Amino acid sequence: MNVAVVGTGYVGLVTGTCLAETGNTVTCVDIKSEIVERLNAGHIHIYEPGLEELVQKNRAAGRLSFTTDLAAAAKNARLIFVAVPTPELPSGHVGMQYVNKVVDDIAALFRHATPGKAGDRVLVLKSTVPPGTNRMVTDRLAAAGCAHVSVASNPEFLKEGAAIEDFMVPDRVVVGVRHPAVGAALRELYQPYVTADRPLVEMTPESAEMTKYAANALLATKISFINEVADLCDLTGADINLVRKGIGHDQRIGFQFLAPGPGYGGSCFPKDVKGLIAVARRLGMTLRVAEAVDAANDVQKEVLLAKIHRHFDGKLAGKTFAVWGLAFKPKTDDIRESPALTLIDGLLVAGAKVKACDPQARANVEKIYKDTICYANDPMDALHGADALVLVTEWPEFRGPDFAEVKRRLKSPVIFDGRNLFAPNESAVRELGFSYYGIGRGN
Ligand SMILES: NC(=O)c1ccc[n+]([C@@H]2O[C@H](COP(=O)([O-])OP(=O)(O)OC[C@H]3O[C@@H](n4cnc5c(N)ncnc54)[C@H](O)[C@@H]3O)[C@@H](O)[C@H]2O)c1
């Protein structure tokens, strides 16, 4: 099938590349010419494991190309995917300016086109958009004389760091359509990716839009819940790692998204929980659970800093902290809403210095902090002369350091472990004389 993908970020680039991988002819569009130039040179501008190789393979096969020219990409495309940002506005509402721009550009392109049958040309909303957007976009196209372009909702559930696997072998594909022919076009496209166990679930656009928000809000709820239980463990002397085992083996509960940490970040959970709250408020409803999840996360993002303040008696001025992990989670370079940034801000406000290290996210962090903090490529180099090690993101390369060497390099043997990564080594760490603080492991 001939497909266009508008927006070549974490979602659009993965979508376009994975659709090309199963034989579709895909043209990806971005407004940023530097991104397109880089992609046309065979290099990707984000970090996602395995993606660069897959882009190169499909470019070489002639199935995948990149352009800034929406008209050229959309002209022969049966499906036009919209994967542009939907950022959080200061009010908490979802910013629709990028989506609206694409819709208006598409309307201008096809206003005078000969109308075909339903499903001949479909605008597929893959960006995460509030319930009601499909209707709004349909009306906007109709008002611009483009009622013959159908609108489908196809929210994306991929995880950064495992995005290719998630797209190629999805737990499910959700499509929201108003016309069976539009559903049929999407079924044809997704046929290579779905099975009876991993189905394509067809529903109304409103239900598809709500499904995406409900999924992210529920996952965020699990995280905020276990984080609060962990904070209570700190006060009661219980060990959250044992509590997690105790509850996770219950098949009704499971282990996923029940690892305590320094709060959830990324480009999705924070903004989607807030977006859902804002949608409900606009309709006169208060989402008490989602509001509590959001508020609990704000508190959790301060938890490491609070532990640091307590250990050093509030005297952080002039002290240096080695921060391991800057991305909001491992295997991505994405730092949007990362708890590491909240920590660094707090340390700098308190007059402390920061030596930061991350396998992939350094360049993105440097754009924000420039020379107000120091950077190290090697985690062990970040420790030289630091007063403590603070682990924020559980990259595999941080998992098993030589703790004796860590102690030699640090000015004082203190570890704040925001992911309980060193829990298995905790007794060895204590034997070496470290002060060790995890999350929910007792103070
Ligand atoms: N990142 C994730 O893990 C994830 C997962 C599921 C859903 N989503 C949703 O998918 C959407 C995209 O997220 P992302 O992380 O890929 O964003 P991103 O910021 O990484 O990429 C968006 C791209 O769109 C481009 N763009 C903006 N306006 C454009 C236009 N008019 N024409 C062409 N290109 C344009 C930008 O230049 C950018 O490269 C958001 O709604 C997000 O909530 C993201």
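The model shown is predicted, which means the values in this text are computed figures rather than measured ones. One-based numbering, in listed order, for ligands and for the atoms of each.
- Side chains of Tyr375 and Asp358: no donor on one and acceptor on the other come within 3.5 Å.
- Contacts between Cys268 and ligand 1, counted as non-hydrogen atom pairs separated by less than 4.0 Å, involve the side chain only.
- The Pro85 neighbourhood of ligand 1 comprises atoms 19 (O), 22 (C), 24 (O), 27 (C), with distances under 4.0 Å to a heavy atom of that residue.
- Remark: ligand 1 and Arg336 share an N or O pair separated by less than 3.5 Å (distance only, no angle test).
- A perpendicular orientation is assigned to the rings of Phe422 and Trp324, their planes being inclined by more than 60° (bins at 30° and 60°).
- Residue-ligand proximity, Val6 to ligand 1, at heavy-atom distances under 4.0 Å covers atoms 32 (N), 33 (C).
- Selection from Glu160, Glu156, Glu88, Lys159 by nearest heavy atom to atom 6 (C) of ligand 1 gives Glu156.
- Remark: Asp294 engages Lys274 in a salt bridge, criterion side-chain N to carboxylate O under 4.0 Å.
- A cation-pi arrangement is found for Arg172 relative to Phe157, the charged atom lying closer than 6.0 Å to the ring centre and inside a 45° cone about the ring normal.
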May I have the step-by-step check of side chain to side chain donor-acceptor pair (under 3.5 Å) for Asn377 and Arg362, ending in yes or no?
CA-CA 8 Å; Asn377 286 331; Arg362 172 179 170 165; 2.8 Å; yes
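- In summary, the side chains of Tyr10 and Asp333 do present a donor paired with an acceptor at a separation below 3.5 Å, with no hydrogens or angles considered.
- If you number the atoms of ligand 1 from 1 as listed, the ones under 4.0 Å from a heavy atom of Val84 come out as 11 (C), 12 (C), 24 (O), 26 (N), 27 (C), 28 (N), 29 (C), 35 (C), 40 (C), 41 (O).
- A salt bridge is defined here as a Lys NZ or Arg NE, NH1 or NH2 lying under 4.0 Å from an Asp or Glu carboxylate O, and Asp104 with Arg140 meets this definition.
- Which of Ile31, Thr86, Val36 comes nearest to atom 33 (C) of ligand 1 through a heavy atom is settled by distance: it is Ile31.
- Taking all heavy atoms of Asn100, Asp30, Val99, Asp272 into account, the minimum distance to atom 36 (C) of ligand 1 is reached by Asp30.
- Between Tyr437 and Asp417, the side chains place no donor N or O within less than 3.5 Å of an acceptor N or O (distance only, hydrogens not considered).
- In summary, the side chains of Thr17 and Asn58 do not present any donor paired with an acceptor at a separation below 3.5 Å, with no hydrogens or angles considered.
- What sits closest to atom 9 (C) of ligand 1 on the protein, heavy atoms only, is Thr128 OG1, 3.4 Å.
- Neither the backbone nor the side chain of Ile46 has a heavy atom within less than 4.0 Å of ligand 1.
- Checked by distance only, ligand 1 and Val11 come closer than 3.5 Å through their nitrogen or oxygen atoms.
- Contact atoms of ligand 1 toward Leu158: 3 (O), 5 (C) (distance under 4.0 Å to a heavy atom of the residue).
- Using a 4.0 Å cut-off to heavy atoms of Ile35, the atoms of ligand 1 that qualify are 39 (O).
- The Tyr98 neighbourhood of ligand 1 comprises atoms 27 (C), 28 (N), with distances under 4.0 Å to a heavy atom of that residue.
- Looking at residues two or more places apart in sequence or on another chain, you find no ring-ring contact (aromatic ring centres under 6.0 Å, His included) involving His112.
- Taking every non-hydrogen atom of Val102 and a distance limit under 4.0 Å, the qualifying atoms of ligand 1 come out as 31 (N).
- Residues meeting the ring-ring contact (aromatic ring centres under 6.0 Å, His included) test with Tyr264, sequence neighbours left out: Phe269.
- For atom 21 (O) of ligand 1, the nearest non-hydrogen atom of the protein is Gly9 CA, 3.1 Å.
- Ion pairing of Asp30 with Lys32 is absent here, as no side-chain N (NZ or NE/NH1/NH2) approaches a carboxylate O to less than 4.0 Å.
- Atom numbering of ligand 1 starts at 1 in the shown order; those under 4.0 Å from a heavy atom of Gly7 are 23 (C), 24 (O), 25 (C), 33 (C), 34 (N).
- The closest protein non-hydrogen atom to atom 43 (O) of ligand 1 is Lys271 NZ, 2.7 Å.
- Look at His45 and you'll find every heavy atom at least 4.0 Å from all atoms of ligand 1.
- Ligand 1 has no nitrogen or oxygen under 3.5 angstrom from a nitrogen or oxygen of Lys126.
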